[in-house]
Amino acid sequence: MIAFRRAIQLISLTLFLILLTLAVLSVNTPTPLDLFLRLDPALIVFTAISGRIFTFAFIPALLVLVVTLFFGRIFCGYICPMGTTLDGTDKLFGKARKKQPETGKLRLLKYIILFFLLGASLLGVSFVFTAAPLSLITRFYGLLVHPALAFFSNEMLGLVQPLAEWLDMDSVVFMQIATPRFATQLFILAFFGALFVLAVTSPRFWCRNLCPSGALMAFLSKKPLIRRGVSDDCTDCGKCANACPMGAIITEDPGVTLHEECIVCRTCQSTCPENAISFDSVKAEHVFEKQRFSLTRRQFMVSGLFGAATATIGLTGLNSLHGKPGPGQVAPPGLIRPPGAMPEMDFLARCSRCGECMVACPTNTLQPIWLDAGFMGLFSPGLNLRRSYCSPECRMCGEVCPTDAIRSLSKEERIWAKTGTAIIFRQKCLAWEQQKSCMVCDEVCPYKAVEFRKEPGNPVPVPQVREEKCAGCGYCEHYCPVQNQSAIVVTPMGALRLPEG
């Protein structure tokens, strides 16, 4: 059974990575590229609450919860890419662990996190991006592992190109592998580095103690229909309790199982020298007299209220984007959202910060932001148009978004998805300030939104932006030859962000 589980885990992780790779290559497939994100119960449930929405894309997560009622947390043990990754890193870092840690109150943290996210979601604020396992692992592989592999592949290509040139292999000589660059990479590296090293404390530390999706499924798997049973052949040797990666078996009485913690990995079954353990049917269970740890009603309420209080602070902060734009609105002047993005508060309520849209962006202009939009906007995607432009023909970000924070647009709709409007800083412009002939912005603009006119006293024509034509694609900003900050910059002014239609 262990070999079977490992095979399922490997197949699942491979499929996850294939879909992520297809998103990188901007390939549309019959299978949704964001399939695994749709399977994350916490991500989908709290997005539905905070965004006040429900779509057919959320059904896979509901199916995971239904399966949990019958088979327990089988998703955690077999399907989840985060769990599979942690199983792999546990082999590396877990060697320093002396013995199985005792089951303790630390595992209650995941329930506290769960109710914190619930409290915030009820006020329309989504903090699920901080802890949803599929969102986190997509960021890890998409924004960290993928760029690293691309970088090393390009370096290796540079080493073999002299040999390819000697062999007249022109296709290899002129080959280049683009290396995407993303902000927040060091943070992601530090976060997962700490998570991997925590294997020294216990196996699957994240799944045991911190995962809100695991906590949500735990509520539904206290007594699954198919669960671990122990026969009278048990000699209380304790080998199963010591081998359990989730600490779901009581050390003092190995016949007792905390089913809400069990991921049905069957490690205990393969370890038992007496073949006393089975998962075939519901068996009579031992009763453990020692009281189990459980959250009290007060702890539930405190966790939820703390989440609601944090959301309230975010909503009432000076740089909050809550409310309709108007006179005196304090908003980030350079924050450009991707085409098809929902109105800001709806966008933040739905966006899971998974990074899938950034990975799929073929020009690498979509980047995670820090505090440009306050704490509520942390890690959400924004266009860095100085780095690259947003192609009017590209619709990948909307295609891969699992929560419709970025709407999926048709080809006809895409050209009308105005992300902002370009403005010219005359004091930086070569034509306006230095009276040098430069027409780059006009030459690259796909919407013909830049026009040149003669100004009295200036020997060269100068640019001006036709705002009604500009779509905020950023070609002009990216290709502007002025060093450092471009002389023509896209601002959010006039951005068209509709919830529908």
Side-chain angles (χ1 to χ4, degrees), residues 9 12-13 15-17 19-20 23 33-47 50 60-61 64 73 75-77 79-90 93 109-110 112-114 116-117 120-121 126-148 182-199 203-217 263 348 350-360 366-370 375-381 400-403 405:
Q9 282 186 301
S12 178
L13 181 61
L15 178 59
F16 169 76
L17 294 176
L19 292 176
L20 194 62
L33 298 177
D34 55 357
L35 174 63
F36 278 83
L37 288 162
R38 299 184 188 186
L39 292 172
D40 190 329
L43 189 154
I44 296 304
V45 168
F46 291 124
T47 299
S50 62
V64 169
R73 291 173 57 182
F75 176 80
C76 303
I79 307 299
C80 180
M82 172 71 95
T84 303
T85 301
L86 292 177
D87 279 345
T89 55
D90 282 352
F93 295 101
L109 283 174
K110 62 178 176 285
I112 293 174
I113 293 172
L114 181 73
F116 172 88
L117 297 177
S121 297
S126 175
F127 289 139
V128 72
F129 66 91
T130 61
L134 270 299
S135 176
L136 291 172
I137 202 63
T138 302
R139 262 181 272 167
F140 172 71
Y141 281 110
L143 305 187
L144 189 64
V145 175
H146 162 232
F182 296 102
T184 73
Q185 282 185 323
L186 287 178
F187 177 85
I188 297 172
L189 178 62
F191 177 86
F192 275 93
L195 202 59
F196 296 155
V197 171
L198 283 172
R204 282 203 174 209
F205 184 91
W206 168 267
C207 308
R208 282 189 181 207
N209 306 313
L210 301 175
C211 182
S213 289
L216 188 60
M217 287 185 278
I263 58 172
L348 293 179
R350 298 187 186 191
C351 179
S352 64
R353 279 70 151 181
C354 59
E356 189 90 6
C357 58
M358 307 170 206
V359 171
L366 263 183
Q367 295 289 323
I369 66 172
W370 282 104
F375 177 71
M376 289 169 54
L378 193 65
F379 302 132
S380 59
V400 301
C401 181
T403 59

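Here the structure is a predicted model, which is why all the values come from computation and not from measurement.
- Taking the ring-ring contact (aromatic ring centres under 6.0 Å, His included) definition, one finds that Phe182 meets it with nothing, sequence neighbours left out.
- Between atom OG of residue Ser213 and atom CD1 of residue Ile44 there is a gap of 9.5 Å, rounded to the nearest 0.5 Å.
- Going from atom CD1 of Ile263 over to atom CZ of Arg204 covers 4.0 Å, rounded to the nearest 0.5 Å.
- Side-chain contact between Ser380 and Leu348: present, with at least one pair of heavy atoms (C-beta onward) separated by less than 4.5 Å.
- Between Leu134 and Cys354 the shortest side-chain heavy-atom distance does not fall below 4.5 Å.
- In this structure, CG in Leu109 is found 12.5 Å from CG in Leu114, a value given to the nearest 0.5 Å.
- Closest non-hydrogen pair, Cys351 versus Ser126, comes out as O-OG, 4.2 Å.
- For Gln185 (side chain) and Leu143 (main-chain N/O), a donor-acceptor pair under 3.5 Å exists by modelled atom type.
- Between Phe379 and Phe187, the ring planes lie tilted relative to each other; the angle falls in the 30° to 60° range.
- Of the listed residues (Leu39, Thr47, Val45), just one forms a side-chain contact (heavy atoms from CB on, under 4.5 Å) with Leu43, and that residue is Thr47.
- In this structure, Leu378 and Phe129 have side chains that are in contact, with non-hydrogen atoms separated by less than 4.5 Å.
- The six-membered or imidazole ring of Phe140 lies near that of Phe196, with a centre-to-centre distance under 6.0 Å.
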Item to complete: Assess whether side chain to side chain contact (heavy atoms under 4.5 Å, CB included) is satisfied between Thr84 and Ser12, documenting all intermediate values.
Response: CA-CA 9 Å; Thr84 303; Ser12 178; 5.6 Å; no
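- Scanning all heavy atoms of the two residues, the minimum distance from Ala42 to Pro212 falls at CB-C, 4.1 Å.
- Rounding to the nearest 0.5 Å places CZ of Phe46 at 5.5 Å from OG of Ser121.
- Aromatic rings of Phe127 and Phe375 (six-membered ring for Trp) have centroids within the 6.0 Å cut-off, being under it.
- The distance from the SG atom of Cys80 to the CG atom of Leu13 is 10.0 Å, given to the nearest 0.5 Å.
- Looking at heavy atoms from C-beta onward, Lys110 lies out of side-chain contact with Cys207 at the 4.5 angstrom threshold.
- No side-chain heavy atom of His146 sits less than 4.5 Å from a side-chain heavy atom of Leu20.
- When all heavy atoms are compared, the tightest approach of Leu210 to Ile113 is O-CD1, 3.4 Å.
- Not counting sequence neighbours, Phe75 has no partner by the ring-ring contact (aromatic ring centres under 6.0 Å, His included) test.
- Counting heavy atoms from C-beta on, the side chains of Thr130 and Leu117 come closer than 4.5 Å.
- Across all non-hydrogen atoms, the minimal contact from Leu33 to Ala23 is CD1-CA, 3.9 Å.
- Closest of all the heavy-atom pairs between Cys357 and Leu366 is O-CD1, 3.7 Å.
- Closest non-hydrogen pair, Gly214 versus Arg73, comes out as CA-NH2, 3.6 Å.
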Go through Phe36 and Ile79 one step at a time and tell me if the side chain to side chain contact (heavy atoms under 4.5 Å, CB included) criterion holds.
CA-CA 9 Å; Phe36 278 83; Ile79 307 299; 4.2 Å; yes
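- In this structure, Met82 and Thr138 have side chains that are not in contact, with every pair of non-hydrogen atoms separated by 4.5 Å or more.
- Of the possible donor and acceptor atoms, none in the side chain of Glu356 sits under 3.5 Å from a partner among the backbone N and O of Val400.
- At a threshold of 4.5 Å between non-hydrogen side-chain atoms, the residues Thr89 and Phe192 do not count as touching.
- In this structure, CG in Leu198 is found 11.0 Å from CH2 in Trp206, a value given to the nearest 0.5 Å.
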